[in-house]
> 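Please find one structure pasted underneath; my questions will follow.
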Amino acid sequence: MTGIVGVHGIGKYNYYVEAGNSVQGAAEAMRLKWDRYLRAALGGEARTYFSEVAYFSHLLHDGEPSDGPQAFAAMNTSAQQVLTGWAKHLGLGEHLTGALRTFTGWLLTRLDTRSAAFAKLFAPEVAAYLTDPVKRESSRQVVADVIRKNRPKVVIAHSLGSVVTYEALWAHPDLEVDLLLTLGSPLGMRNVIFERLLPAPINGRGERPKGVKRWVNIADKDDIAAIPPNLRSSFTGVDVEELVNLDWIDFHTAEKYLGCPALDPHLRPFLT
């Protein structure tokens, strides 16, 4: 297979810590895992599918703990705004008034265990990317550099990684990709991500990056990050949309998405 570049999503800071604060170590650990995950979808003998996974999670963190009650108590205003905007898509808190911090505290008590654990990762990382210009540009540059170095035919971007990849490809129009495969993407999430994209959507619509020949979007029907799961209503140039049913617990993990049979027909043309 022509080398694939992967772009990870939220919650991957632990790879950096476990690799002794090594970006290369974190990226390689993720690449090995993603190879195993993708093999589940494609079958056959073990082989190298990914040339590299673009690793940027360390750029969105300040080294503070990201779990436990203290993380919520320390959540900054931008992260709280992301959390509340996201939660409204889940049908929580539309009519609640009051201070933002009080609101988020109330909101977190309404979330079940799975959603609360997800919120610990989603809100701070998305907020860090969208509201800090330095972190945003650094993350986009990492993705652009990895694509430029590897010259892949295929880029597979998961979760927040689809947002970073979308912006990186627009910011670097010289980069060309035959297939952009977005998995569990929050790109279309209104009042949280969509309106903040760079370049800004025009007349309520974004557009496939010019260097991308084909865009396939796959989302689990219950993925609470991929809201809405279909991107065609918000973006022109999405060639294929597939709604899948991965797992009622692991509704957003890269393992489940990369192991999904729906990937096979889209990647098969790139098998050699």
Side-chain angles (χ1 to χ4, degrees), residues 2-12 15 26-27 30-31 33-35 37-38 41 49-57 59-60 121-122 125-126 129-130 136 138-172 175-189 193-194 197-198 206-220 223 225-227 229-231 234-235 237-242 244 246 252-260 262-263 266-267 270:
T2 301
I4 303 172
V5 159
V7 186
H8 69 77
I10 62 170
K12 300 299 180 283
Y15 283 87
M30 291 202 68
R31 188 194 67 77
K33 279 194 174 182
W34 280 33
D35 266 348
Y37 298 158
L38 191 56
Y49 292 112
F50 288 91
S51 299
E52 189 172 350
V53 173
Y55 187 82
F56 61 87
S57 186
L59 299 173
L60 303 181
L121 302 172
F122 182 79
E125 292 194 20
V126 170
Y129 180 77
L130 293 176
R136 189 175 198 161
S138 298
S139 299
R140 292 193 322 193
Q141 192 63 52
V142 165
V143 172
D145 287 346
V146 170
I147 294 174
R148 182 171 288 110
K149 178 176 68 174
N150 290 279
R151 298 176 180 267
K153 296 289 187 181
V154 180
V155 173
I156 300 179
H158 174 235
S159 183
L160 177 59
S162 68
V163 179
V164 183
T165 301
Y166 176 87
E167 294 195 343
L169 290 170
W170 269 110
H172 299 269
L175 299 177
E176 296 184 352
V177 176
D178 285 356
L179 172 64
L180 172 61
L181 186 55
T182 50
L183 308 176
S185 174
L187 271 165
M189 191 178 292
I193 292 175
F194 182 73
L197 289 173
L198 299 175
E207 185 179 351
R208 181 175 69 196
K210 301 300 184 183
V212 175
K213 294 181 181 179
R214 181 175 174 82
W215 184 358
V216 174
N217 181 59
I218 297 176
D220 179 84
D223 191 334
I227 302 175
N230 296 320
L231 295 182
S234 300
F235 296 87
V238 179
D239 296 283
V240 178
E241 297 256 39
E242 292 204 35
V244 297
L246 298 177
H252 188 66
T253 63
E255 179 177 6
K256 291 295 183 179
Y257 271 113
L258 290 170
C260 177
L263 273 65
H266 304 295
L267 294 177
F270 299 94

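Computed from heavy atoms alone, side chains included, the values below leave out hydrogens, waters and symmetry copies. From a predicted model like this one, the values you see are computed outputs, not experimental measurements.
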> Under 3.5 Å, side chain of Glu207 to main-chain N/O of Gly237, donor-acceptor pair present?
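Side chain of Glu207 to backbone of Gly237: no pair is present.
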
> Taking Glu255 for the side chain and Tyr37 for the main chain, is one N or O donor matched with an acceptor at less than 3.5 Å?
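Side chain of Glu255 to backbone of Tyr37, a donor-acceptor pair under 3.5 Å: no, none is there.
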
> Locate the shortest heavy-atom distance separating His158 from His252; write the atom from each residue and the value.
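Taking His158 first and His252 second, the nearest heavy atoms are NE2-O, 2.7 Å.
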
> Calculate, to the nearest 0.5 Å, the distance between atoms OG and CG belonging to Ser57 and Leu160 respectively.
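Separation between the atoms: 9.0 Å.
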
> Enter the distance from Glu242:CD to Asn230:CG here, rounded to the nearest 0.5 Å.
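So the gap between those two atoms works out to 11.0 Å.
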
> If you measure from CG on Leu183 to CG on Asn217, what distance do you get to the nearest 0.5 Å?
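Leu183 atom CG to Asn217 atom CG measures 8.0 Å (nearest 0.5 Å).
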
> I want to check something: taking the side chain as every heavy atom from C-beta on, are Leu181 and Ile4 in contact at a cut-off of under 4.5 Å?
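No, every pair of side-chain atoms sits at 4.5 Å or beyond.
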
> Arg136 side chain to Leu130 main-chain N or O, any donor-acceptor pair under 3.5 Å?
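The answer is yes, because a donor-acceptor pair under 3.5 Å joins these two groups.
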
> Starting at CG of Leu179, measure out to NE2 of His266 and round the result to the nearest 0.5 Å.
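Rounded to the nearest 0.5 Å, the CG-NE2 separation comes out at 8.0 Å.
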
> If the plane angle is over 60° it's perpendicular, under 30° parallel, otherwise tilted; pick one for Trp34 and Phe50.
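The arrangement is perpendicular - the two ring planes meet at more than 60°.
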
> Can you name the nearest heavy-atom pair linking Ala41 to Leu258, along with the distance?
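So the two residues come closest at CB-O, 3.1 Å.
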
> Heavy atoms, side chains only, cut-off 4.5 Å: are Leu198 and Arg140 in contact?
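Of all side-chain heavy-atom pairs linking Arg140 with Leu198, at least one is under 4.5 Å.
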
> With a 4.5 Å limit on heavy-atom distance, are the side chains of Leu187 and Ser234 in contact?
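Leu187 vs Ser234: side chains apart.
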
> Under the salt bridge (Lys or Arg N to Asp or Glu O under 4.0 Å) test against Asp178, which residue among Lys153, Arg214, Arg151 passes?
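Running salt bridge (Lys or Arg N to Asp or Glu O under 4.0 Å) over Lys153, Arg214, Arg151 with Asp178 returns exactly one hit, Lys153.
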
> Is a side-chain N or O of Lys149 found less than 3.5 angstrom from the main chain of Ile147, in a donor-acceptor match?
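Checking the backbone N and O of Ile147 against the side chain of Lys149, no donor-acceptor pair under 3.5 Å is found.
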
> To the nearest 0.5 Å, what is the distance between CD on Glu125 and CG on Leu60?
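Reported value, rounded in 0.5 Å steps: 6.0 Å.
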
> Distance check, rounded to the nearest 0.5 Å: Tyr49 atom OH versus Ile156 atom CD1?
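Those atoms lie 11.0 Å apart.
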
> Which heavy atom of Ala168 sits nearest a heavy atom of Ala144, and at what distance?
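Heavy atoms of Ala168 and Ala144 come nearest at CB-N, 4.3 Å.
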
> Return the minimal non-hydrogen interatomic distance between Ser185 and Leu231, and the atom names on each side.
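For Ser185 and Leu231, the tightest heavy-atom pair comes out as OG-CD1, 4.1 Å.
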
> Compare all side-chain heavy atoms of Val163 with those of Pro186 and state whether any distance is below 4.5 angstrom.
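Yes, their side chains come closer than 4.5 Å.
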
> Any heavy-atom pair between the side chains of Val7 and Phe56 that's under 4.5 Å?
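Contact flag for Phe56/Val7 side chains = yes.
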
> If the condition is ring-ring contact (aromatic ring centres under 6.0 Å, His included), which residues does Phe235 pass it with, not counting sequence neighbours?
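Result, ring-ring contact (aromatic ring centres under 6.0 Å, His included) vs Phe235: Tyr166, Phe194, Trp215.
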
> Taking all non-hydrogen atoms of both residues into account, name the closest pair between Arg208 and Lys213 and its distance.
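Result for this residue pair: NH1-O, 3.4 Å.
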
> Output yes when a side-chain donor or acceptor of Asp239 lies under 3.5 Å from a complementary backbone atom of Val216, and no otherwise.
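The answer is no, because no donor-acceptor pair under 3.5 Å joins these two groups.
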
> Would the distance check show the side chain of Tyr257 and the main-chain N or O of Ser159 forming a donor-acceptor pair, the cut-off being under 3.5 Å?
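Side chain of Tyr257 to backbone of Ser159, a donor-acceptor pair under 3.5 Å: no, none is there.
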
> Which atom names give the shortest non-hydrogen contact between Leu180 and Val177, and what distance separates them?
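Reported closest heavy-atom pair: N-CG1, 4.1 Å.
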
> Checking side-chain polar atoms at under 3.5 Å, does Thr182 have a donor or acceptor matched by the opposite partner on Ser162?
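Note: Thr182 and Ser162 side chains miss the donor-acceptor criterion.
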
> Look only at the side chain of Glu167 and the backbone of Leu197, and say whether a donor-acceptor pair between them is shorter than 3.5 Å.
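No; judged by distance alone, with no hydrogens or angles, the pair does not exist.
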
